[in-house]
Engineer: 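Below is a structure I'd like to ask you about.
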Amino acid sequence: MVVSLRFILTAIAVVISAWCAAAPRVLAGRELAAAAAGGDDAAMALRHEKWMAEHGRAYKDEAEKARRLEIFRANAKLIDAFNAVEGNTHRLTTNRFADLTDDEFRAAWTGYRAPAALAATSGGGRFRYENFSLADAPQSMDWRAMGAVTGVKDQGDCGCCWAFSAVAAAEGLNKIQTGRLVSLSEQELVDCNVDDVNQGCEGGLMDDAFQFMARRGGLASESSYPYRGVDGSCRSSAAAARAATVRGHEDVPRNNEAALAAAVAHQPVSVAINGEALAFKFYGGGVLDGDCSTELNHAITAVGYGTAGDGSKYWLMKNSWGASWGEGGYVRIRRGVRGEGVCGLAKLPSYPV
């Protein structure tokens, strides 16, 4: 009886010992899965912290920081997924817009107001380069190398891309005509060119800006009427000294990249585009050829064209989101696409005269 009891107790001890040895292994597996999930969260939080430091971003409280982290996470995952696809001709990056929602970005960083009727964009119907043969055009053009492009500017969270696009085109024309490159005033347009279409930081149209310059006899310099990035009252005294003259504008024939090339071969050209697409907003370099709507909501300036090392033809465009965006503030976009062009760039180009 004693032997039997001792045998039973021994057997129970062996079972308990075996169970205890196995239990840690089960728990370790569960903990490992939890750690992996937490690791992804921790890695993204660390990535967000580094991004905040890089872009000087600070939030009012922990609740706002947590909300921005979730927006950052969603954008970062889209960017990473795009960059993981082989064969893309451009790459995306978690730039200064990575913690903004689509609505927030659209409201602050675009600002092109498409005309209610396309006929309203007519510059009189003339296109002075219509008889220009592209066979006579250079194989590549970069108005920066010709000294006709000022440094990259930053519109900030004022939706006046239209003013920056028009000013860049006017700066180029002034250099070509006078030999002098002068940085002109976007703020004069924001403050003084207020009408039915152009509404300062609330958006506008380059054609109206060119018409304003023509009525006023030109535009003041950046130094005499500096940029502030907010709507203000028109300062007539600062605007009085004209640093460049514009007589009017003309429109490039719609949906015609050959005509656009003829114009860009002669001068920088204002271009409307879809700037809220993932491919454009988070553009980090390469020749942009992504999935992009042709709904126009942003304005940039075509300052050249060329061919990349892999044979991809591209437009060289100056943006107004600072030099940290894209390729030093510029974007190369696929050239030679039928119809409206990538992101709608061929729909409504225009230039000052």
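As a basis for the values below, the full set of heavy atoms in this structure was taken, side chains included, without hydrogen atoms, waters or symmetry mates.
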Engineer: Tell me, which pairs form a salt bridge (charged side-chain N to carboxylate O under 4.0 Å, His left out) where one or both residues lie in residues 275-298, sequence neighbours left out?
Structural biologist: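 For residues 275-298, and leaving out neighbouring residues, the salt bridge (charged side-chain N to carboxylate O under 4.0 Å, His left out) pairs sorted by first residue read Asp102-Lys281, Arg106-Glu276, Asp289-Arg334.
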Engineer: We want to know whether Thr110 and Asn297 form a side-chain donor-acceptor pair, criterion being a heavy-atom distance below 3.5 angstrom.
Structural biologist: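 Absent: no donor and acceptor within the cut-off.
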Engineer: For the pair Tyr305 and Trp315, name the ring-plane relationship: parallel under 30°, tilted 30 to 60°, perpendicular over 60°.
Structural biologist: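 Judged by the thresholds at 30° and 60°, the geometry between Tyr305 and Trp315 is perpendicular.
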Engineer: Do Asp99 and Tyr59 have a side chain donor and acceptor closer than 3.5 Å?
Structural biologist: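 Their side chains do contain a donor-acceptor pair, which is all the 3.5 Å distance test asks for.
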Engineer: Relative to each other, are the rings of Phe105 and Phe97 parallel, tilted or perpendicular (30° and 60° limits)?
Structural biologist: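 Phe105 and Phe97: perpendicular rings.
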Engineer: Without swapping roles, check the side chain of Arg242 against the backbone of Ala239 for a donor-acceptor pair under 3.5 Å.
Structural biologist: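 Present.
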Engineer: Other residues, nucleotides and ligands only: do more than 12 of their heavy atoms fall within 6.0 Å of CG on Asp310?
Structural biologist: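 Atom CG in Asp310 is crowded, with more than 12 foreign heavy atoms closer than 6.0 Å.
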Engineer: Do Asn95 and Thr93 meet the criterion of a side-chain donor-acceptor pair at a distance under 3.5 Å?
Structural biologist: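 Per modelled atom types, Asn95 and Thr93 side chains form no pair under 3.5 Å.
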Engineer: Just by distance, do the side chain of Asn75 and the backbone of Ala98 share a donor-acceptor pair under 3.5 Å?
Structural biologist: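 At least one qualifying donor-acceptor pair exists.
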Engineer: Is it the case that the side chains of Tyr351 and Glu250 hold a donor-acceptor pair, with the cut-off being a distance below 3.5 Å and no angle test?
Structural biologist: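 Yes, because at least one side-chain N or O of Glu250 sits under 3.5 Å from a partner of the opposite role on Tyr351.
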Engineer: Indicate the atoms forming the closest heavy-atom contact of Pro268 with Val303, along with that distance.
Structural biologist: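 That closest heavy-atom pairing would be CB-CG1, 4.3 Å.
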Engineer: Just checking, is any N or O donor in the side chain of Ser165 or Lys318 under 3.5 Å from an acceptor N or O on the other one?
Structural biologist: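 Checked: Ser165/Lys318 side chains show no N/O donor-acceptor pair below 3.5 Å.
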Engineer: Using the rule given for side-chain contact (heavy atoms from CB on, under 4.5 Å), can you reason through Val269 versus Thr301, listing the C-alpha separation, both sets of side-chain angles and the distance that settles it, and then say yes or no?
Structural biologist: CA-CA 6 Å; Val269 174; Thr301 312; 5.9 Å; no
Engineer: Using 30° and 60° as the class limits, which term best fits the ring planes of Phe127 and Tyr129: parallel, tilted or perpendicular?
Structural biologist: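 The rings of Phe127 and Tyr129 stand perpendicular, inter-plane angle above 60°.
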Engineer: Apply salt bridge (charged side-chain N to carboxylate O under 4.0 Å, His left out) to residues Glu171 and Arg180 and explain how you reach the verdict.
Structural biologist: CA-CA 9 Å; Glu171 289 169 343; Arg180 296 180 297 109; over 6 Å; no
Engineer: When you check the gap from the basic side-chain N to the acidic O, do Glu70 and Arg67 get nearer than 4.0 Å?
Structural biologist: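 Judged by the 4.0 Å cut-off on N to carboxylate O distance, Glu70 and Arg67 do not form a salt bridge.
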Engineer: Looking at Arg113 and Val197, would you say the former's side chain and the latter's main chain have a donor-acceptor pair under 3.5 Å?
Structural biologist: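 Here the side-chain-to-backbone pair exists.
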Engineer: Output the distance between atom CG (Asn174) and atom CG (Leu184), rounded to the nearest 0.5 Å.
Structural biologist: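 Nearest 0.5 Å value for the CG-CG distance: 6.0 Å.
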Engineer: Applying the side-chain contact (heavy atoms from CB on, under 4.5 Å) criterion to Glu340, which one of Leu296, Leu348, Asn274, Thr294 satisfies it?
Structural biologist: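 Going through the options one by one, the only one that passes is Thr294.
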Engineer: Compare every heavy atom of Pro352 with every heavy atom of Gln267, then report the nearest pair and how far apart it is.
Structural biologist: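 For Gln267 and Pro352, the tightest heavy-atom pair comes out as NE2-O, 3.0 Å.
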Engineer: Could you pull out the closest heavy-atom pair between Ser183 and Lys153, with the gap in Å?
Structural biologist: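 Of all heavy-atom pairs spanning Ser183 and Lys153, the closest is OG-NZ, 3.0 Å.
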Engineer: Is it the case that the ring center of His298 lies less than 6.0 angstrom away from the ring center of Tyr112?
Structural biologist: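 Ring centres of His298 and Tyr112 not closer than 6.0 Å.
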Engineer: If we ignore hydrogens and angles and just use 3.5 Å, is the side chain of Tyr227 paired with the main-chain N or O of Val230 as donor and acceptor?
Structural biologist: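 Not at all, since once roles are kept as given, no pair shorter than 3.5 Å links the two residues.
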Engineer: Taking the side chain from Arg91 and the backbone from Gly284, do they hold a donor-acceptor pair closer than 3.5 Å?
Structural biologist: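 Indeed, once roles are kept as given, a pair shorter than 3.5 Å links the two residues.
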Engineer: Look up atom CZ in Arg68 and atom NZ in Lys60, then write down how far apart they are to the nearest 0.5 Å.
Structural biologist: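 The NZ atom of Lys60 is 9.5 Å from CZ of Arg68, to the nearest 0.5 Å.
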Engineer: Would you say Gln187's side chain and Tyr225's backbone share a donor-acceptor pair under 3.5 angstrom?
Structural biologist: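 Side chain of Gln187 to backbone of Tyr225, a donor-acceptor pair under 3.5 Å: no, none is there.
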Engineer: For the CZ atom on Arg215, are there more than 12 heavy atoms of other groups (residues, nucleotides or ligands in this structure) within a distance under 6.0 Å?
Structural biologist: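 Enclosed.
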Engineer: Taking everything shown except Met146 itself, do over 12 heavy atoms lie less than 6.0 Å from its CE?
Structural biologist: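 No, not enclosed.
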Engineer: Roughly how far, to the nearest 0.5 Å, is CH2 of Trp321 from CZ of Phe280?
Structural biologist: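 It is 5.0 Å, given to the nearest 0.5 Å.
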Engineer: Which pair of heavy atoms, one from Ser140 and one from Gly306, lies closest together, and at what distance?
Structural biologist: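 The pair with the smallest heavy-atom distance is CB-CA, 4.0 Å.
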Engineer: If you take all heavy atoms of Ala263 and Val252, which pair is closest and at what distance?
Structural biologist: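 So the two residues come closest at CB-CG2, 4.1 Å.
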Engineer: Could you tell me whether Glu257 and Lys313 make a salt bridge, using a distance below 4.0 angstrom between a side-chain N and a carboxylate O?
Structural biologist: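 No.
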Engineer: Which value, rounded to the nearest 0.5 Å, describes the distance between Ile300 atom CD1 and Leu345 atom CG?
Structural biologist: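 Output value for this atom pair is 7.0 Å.
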Engineer: Indicate yes or no for a side-chain donor-acceptor contact from Gln199 to the backbone of Asp195 under 3.5 Å, with no hydrogens or angles considered.
Structural biologist: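 Looks like yes, one N/O pair under 3.5 Å.
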Engineer: How long is the span from the CD atom in Glu327 to the CG atom in Leu316, to the nearest 0.5 Å?
Structural biologist: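 Nearest 0.5 Å value for the CD-CG distance: 8.5 Å.
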Engineer: Within this structure, what is the OG-CE distance for the pair Ser350 and Met206, rounded to the nearest 0.5 Å?
Structural biologist: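 Answer for the OG-CE pair, Ser350 versus Met206, is 5.5 Å.
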Engineer: Does Lys65 form a salt bridge (charged side-chain N to carboxylate O under 4.0 Å, His left out) with Glu49? I'd like the steps, not just the answer.
Structural biologist: CA-CA 10 Å; Lys65 183 178 179 180; Glu49 290 286 350; 2.3 Å; yes
Engineer: Please assess Gln177 against Lys175 for the test side-chain contact (heavy atoms from CB on, under 4.5 Å), listing each intermediate value before the final yes or no.
Structural biologist: CA-CA 6 Å; Gln177 292 180 336; Lys175 166 64 177 179; over 6 Å; no
Engineer: Sequence neighbours left out, what passes disulfide bond (SG atoms under 2.5 Å apart) with Cys343? Give chain and number order.
Structural biologist: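 By the disulfide bond (SG atoms under 2.5 Å apart) rule, Cys343 matches Cys292.
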Engineer: Scan side-chain atoms only and decide if Glu222 and Ser185 contain a donor-acceptor pair under the 3.5 Å cut-off.
Structural biologist: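 Absent: no donor and acceptor within the cut-off.
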Engineer: Please check: side-chain N/O of Trp143 versus main-chain N/O of Val264, any donor-acceptor pairing under 3.5 Å?
Structural biologist: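 Confirmed, Trp143 side chain pairs with Val264 backbone.
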Engineer: Using the rule side-chain contact (heavy atoms from CB on, under 4.5 Å), only one of Asp208, Leu219, Asn193 pairs with Met213; which is it?
Structural biologist: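 So, applying the side-chain contact (heavy atoms from CB on, under 4.5 Å) to Met213 and each of Asp208, Leu219, Asn193, only Leu219 qualifies.
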Engineer: Given 3.5 Å as the limit, does a donor-acceptor pair link the side chain of Arg335 with the main chain of Tyr314, or not?
Structural biologist: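 Yes, Arg335 side chain to Tyr314 backbone: donor-acceptor pair under 3.5 Å.
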Engineer: Keeping the roles fixed (side chain from Asn198, backbone from Leu205), state whether a donor-acceptor pair exists under 3.5 Å.
Structural biologist: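 Here the side-chain-to-backbone pair exists.
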Engineer: Might you point out which heavy atoms bring Arg96 and Trp51 nearest each other, and give the distance in Å?
Structural biologist: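 Nearest pair, atom of Arg96 first, then Trp51: O-CZ2, 3.6 Å.
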